[in-house]
Amino acid sequence: MIDLQKLMELFKPSPIGELKSSGKVKRHPKNPILTREHVPYSSALVFNPGVCKYKGKYVMVFRNDHGSFEEQRLEGTNLGLAFSDDGIEWKVEPKPLPMFLREPDVLRIYDPRLNVVEDELIMSFAVDTLHGIRAGIAIVRDFENFEVVHLSIPDNRNVVLFPRKINNRYVRLERPFPVYGRLGMERFDMWMSFSLDLRFWGESRLLLAVEDVPFANCKVGPGAPPIETEAGWLVIFHAVDVDSNRGKNGWEEKWTKRYSAGVMFLDLNDPTKVLGVYKQPILAPEAEYEISGGFRNNVIFPTGAVLEEEEVKIYYGAADTTICLATAKVKDLIELCLTNS
């Protein structure tokens, strides 16, 4: 018999300590590259952007929490749309995306990911409903019309698709949150599922657990869509550590979490095989706009990655308040995964 008390002690979060970003990843000097001041409609927080390159332009769909930043008041959430020629300077469209879900219990849509999959622009997203949090997938016909092809049952989030079929199947990363099944604790892992048509998903399996990541003690989950290289799939993920000694660090009375970005490397033909996980974060909260002055400080949440020749542009939400950019060489990230695992 498994001793549940000992198991709970094993999984009890222990403080992680100081974290440092990898020297192989460089923050852009113009950070933050998108803030509420760039948005021509009501905006308090802009963060967690889906970014890809589509038809010769950079496209961004970002989470926009509207209300008043100065009064620390939020009134709702919508999705903003922006375009760029270089991935650095962005022009936000004059109005947010339309509400494209007709489910009667939907409260909000947020945390989008963008990807070009089999030549179609796909957006995955999270949906808060009256009956739990669901993950959605939509084909973007244009930015006025969306074909929603999948909504998960609760509770699932952070669905991220691979950019092509592998062995004739679509593949996605996801992060369900089974509170009751994990001894009543907030301890969530990264999973992988497969589909023949984007609509029905199954053959789910655990890919990366919290205990596999030394700088996480709370949860790990998908970040940006995987990047294909000749040697394998490069996956940038988010990792969370919690420390009960942390106090007020943002708008809330108590914020005990810290979000960092990690990287792992998967087999090209069988992405269920993890070839290596870098045992330190590639980005940890250090810059002023990541650790102070935000809605929730000490947060780096990677949600977009664009490969250009040998360099990866990594887009992330900082302090749940602004959108930032970092860059890294592909070969350096692969080397981190394979030599420091």
Residues [X] and [Y] bridged, charged N to O under 4.0 Å:
| X | Y | result |
| --- | --- | --- |
| R164 | E228 | yes |
| R157 | D111 | no |
| E252 | R296 | yes |
| R73 | E75 | yes |
| K257 | E186 | yes |
| K24 | E335 | no |
| E308 | K329 | no |

Step by step, would you call Y41 with N78 a side-chain contact (heavy atoms from CB on, under 4.5 Å)?
CA-CA 11 Å; Y41 42 86; N78 51 38; 4.2 Å; yes
Scan side-chain atoms only and decide if [X] and [Y] contain a donor-acceptor pair under the 3.5 Å cut-off.
| X | Y | answer |
| --- | --- | --- |
| N64 | S43 | yes |
| S193 | E174 | yes |
| T77 | D65 | yes |
| E89 | S84 | no |
| N31 | Y289 | yes |
| R27 | S21 | yes |
| N158 | R113 | yes |
| Y110 | D128 | yes |
| R172 | H150 | yes |
| S292 | E288 | yes |

Joint hydrophobic cluster, [X] plus [Y], side-chain heavy atoms closer than 4.5 Å:
| X | Y | result |
| --- | --- | --- |
| I166 | V116 | no |
| L283 | V263 | yes |
| L34 | Y315 | yes |
| I236 | V306 | no |
| V25 | I227 | yes |

Hey, does [Y] have a side-chain heavy atom less than 4.5 Å from the side chain of [X]?
| X | Y | answer |
| --- | --- | --- |
| P49 | R63 | no |
| D243 | T256 | no |
| H238 | S260 | no |
| L234 | I334 | yes |
| V277 | L208 | yes |
| M99 | R102 | yes |
| L207 | W191 | no |
| V127 | I133 | no |

Might you work through the side-chain contact (heavy atoms from CB on, under 4.5 Å) test for K313 and H28, ending with a clear yes or no?
CA-CA 10 Å; K313 286 185 169 73; H28 198 277; over 6 Å; no
Could you check, using the six-membered ring where one of them is a Trp, whether [X] and [Y] have ring centers closer than 6.0 angstrom?
| X | Y | result |
| --- | --- | --- |
| F100 | F125 | yes |
| F265 | W233 | no |
| F188 | F177 | yes |

So, is the end of the R169 side chain (NZ or CZ) under 6.0 Å from the ring centre of F194 and within 45° of the ring's axis?
yes
Can R141 be said to sit on top of F146's aromatic six-ring, NZ or CZ under 6.0 Å from centre and within 45° of the ring axis?
no
Distance (rounded to the nearest 0.5 Å) between [X] [atom1] and [Y] [atom2]:
| X | Y | atom1 | atom2 | value |
| --- | --- | --- | --- | --- |
| D241 | R258 | CG | CZ | 4.0 Å |
| L268 | T229 | CG | OG1 | 7.0 Å |
| N297 | T321 | CG | OG1 | 7.0 Å |
| K219 | N217 | NZ | CG | 11.0 Å |
| L74 | F69 | CG | CZ | 10.0 Å |
| Y58 | D86 | OH | CG | 7.5 Å |

Test side-chain contact (heavy atoms from CB on, under 4.5 Å) applied to F83 and V59, step by step
CA-CA 5 Å; F83 295 95; V59 182; 3.8 Å; yes
Between the main-chain N or O of [Y] and the side-chain N or O of [X], is there a donor-acceptor pair closer than 3.5 Å?
| X | Y | result |
| --- | --- | --- |
| E118 | K165 | yes |
| D212 | A209 | yes |
| K254 | R246 | yes |

Could you tell me whether [X] atom [atom1] has more than 12 heavy atoms of other residues or ligands within 6.0 Å of it?
| X | atom1 | value |
| --- | --- | --- |
| N168 | CG | no |
| K20 | NZ | no |
| K30 | NZ | no |
| F200 | CZ | no |

Minimum heavy-atom separation for [X] to [Y], with atom names?
| X | Y | result |
| --- | --- | --- |
| L336 | S22 | CD1-OG, 3.7 Å |
| N249 | W255 | O-CD1, 3.8 Å |
| R175 | D189 | CG-O, 3.1 Å |
| P302 | A261 | CG-CB, 3.8 Å |

Shared-cluster residues of V159, by chain and number - hydrophobic side chains joined below 4.5 Å
V117, I122, I137, I139, V149, L161, Y170, L198, W201
Residues in side-chain contact (heavy atoms from CB on, under 4.5 Å) with A82, at least two apart?
M60, F62, W90, V92
